[in-house]
Amino acid sequence: MVQATPFLLVLFLALGAHGLAVKKCSLPGRWVNDLGSNMTITSMNANGIFTGSYHTAVTATSNEIKQSPLQGSMQKSPNQKGQPTFGFTVNWSFSDTITVFTGQCFVDEYGKEVLKTMWLLRSHVENIKNDWKATRVGTNVFTRLQSQE
């Protein structure tokens, strides 16, 4: 029985290893971020190009907030291992600003999908002297919204 111990250990590790595979993170679907903004990625083609919409919960304008279109791209690489990097642009339909996001889709230790992002928001300014105040930077964490079926 002593000689069988190493064999059983290797067999146990081999059989248990399939359970350690990384769950793949998928971008399409509905997401909410830490500020309460909602994003929906509706379509993605075979090249990783996607479209969708964004409804922000925060704004620096007094204009009525409206849903805005987004378009982006997911990195298509054989080395992704199911947690892809991506970027997208939101062209705000209610103000003269545009925001670009970049991030990565992760699966956390509880199996939940999380998007970690950083963004740059560019506002229109009247002249080059005011350029210094035209760009803001920040981060957001998105979690998947479960469908209400």
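Since the model is a prediction, treat every value here as computed from it, not as a measurement.
Within the 3.5 Å criterion, the main-chain N or O of Thr97 finds no donor-acceptor partner in the side chain of Ser123. A donor-acceptor contact shorter than 3.5 Å is absent between the side chain of Ser68 and the backbone of Val90. Under the 3.5 Å distance criterion, the side-chain polar atoms of Asp108 are matched with a main-chain donor or acceptor of Tyr110. Using modelled atom types, no side-chain atom of Gln104 and backbone atom of Lys116 make a donor-acceptor pair closer than 3.5 Å.
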For Leu121 and Thr135, what are the C-alpha separation, side-chain angles and deciding distance, and is it a side chain to side chain contact (heavy atoms under 4.5 Å, CB included)? CA-CA 6 Å; Leu121 179 142; Thr135 303; over 6 Å; no

Give the C-alpha distance, both sets of side-chain angles, the deciding distance and a yes or no for side chain to side chain contact (heavy atoms under 4.5 Å, CB included) between Ile41 and Phe88. CA-CA 10 Å; Ile41 298 175; Phe88 63 90; 5.7 Å; no

Can you list the steps and then say if Trp119 with Val100 is a side chain to side chain contact (heavy atoms under 4.5 Å, CB included)? CA-CA 6 Å; Trp119 52 263; Val100 293; over 6 Å; no

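The distance from atom NE2 of His124 to atom CD1 of Ile98, rounded to the nearest 0.5 Å, is 13.0 Å. Taking SG of Cys105 as the start and CE of Met74 as the end, the distance is 9.0 Å to the nearest 0.5 Å. In this structure, the separation between CD on Gln83 and SG on Cys25 is 6.5 Å, given to the nearest 0.5 Å. In this structure, Phe50 CZ and Ser43 OG are separated by 9.5 Å, a value rounded to the nearest 0.5 Å. Rounded to the nearest 0.5 angstrom, Thr89 OG1 and Leu70 CG are separated by 8.5 Å. Rounding to the nearest 0.5 angstrom, the gap separating the OG1 atom in Thr102 from the CE atom in Met118 is 9.5 Å.
Each of Leu115, Leu145, Val114, Asn38 was evaluated against Trp31; a single residue qualifies, Leu115, per the side-chain contact (heavy atoms from CB on, under 4.5 Å) test.
Taking Ser26 as the reference, nothing meets the side-chain hydrogen bond (donor to acceptor under 3.5 Å, both in side chains) condition, with sequence neighbours excluded. Remark: Asp131 pairs with Arg122 by the side-chain hydrogen bond (donor to acceptor under 3.5 Å, both in side chains) rule, at least two apart or across chains. For Thr99, the side-chain hydrogen bond (donor to acceptor under 3.5 Å, both in side chains) partners are Trp92, not counting sequence neighbours. Shown here are the side chain to side chain contact (heavy atoms under 4.5 Å, CB included) partners of Asn130, two or more places apart in sequence or in another chain: Val125, Asn127, Trp132, Lys133. A search for side-chain hydrogen bond (donor to acceptor under 3.5 Å, both in side chains) contacts involving Asp34 returns Asn140, not counting sequence neighbours.
With ring centers used as reference points, Phe101 lies under 6.0 Å from Tyr54.
Residues Met39 and Met44 share a hydrophobic cluster, clusters being chains of Ile/Leu/Val/Met/Phe/Trp/Tyr side chains in contact below 4.5 Å.
Within 6.0 Å of CD on Glu109 lie more than 12 heavy atoms contributed by other residues, nucleotides or ligands. By the 6.0 Å contact criterion, CD on Gln71 is open, its count of non-hydrogen atoms from other residues, nucleotides or ligands being 12 or less.
Between Arg30 and Thr40, the shortest heavy-atom contact is CG-OG1, 3.7 Å. Minimum interatomic distance between Ser37 and Ala57 (heavy atoms only, all atoms of both residues): OG-N, 2.8 Å.
Residue pairs meeting the salt bridge (charged side-chain N to carboxylate O under 4.0 Å, His left out) criterion with at least one member in residues 135-145, sequence neighbours excluded: Glu113-Arg144.
Contact of the Gln75 side chain with the Pro84 side chain is not registered, since no non-hydrogen atoms from C-beta on lie closer than 4.5 Å.
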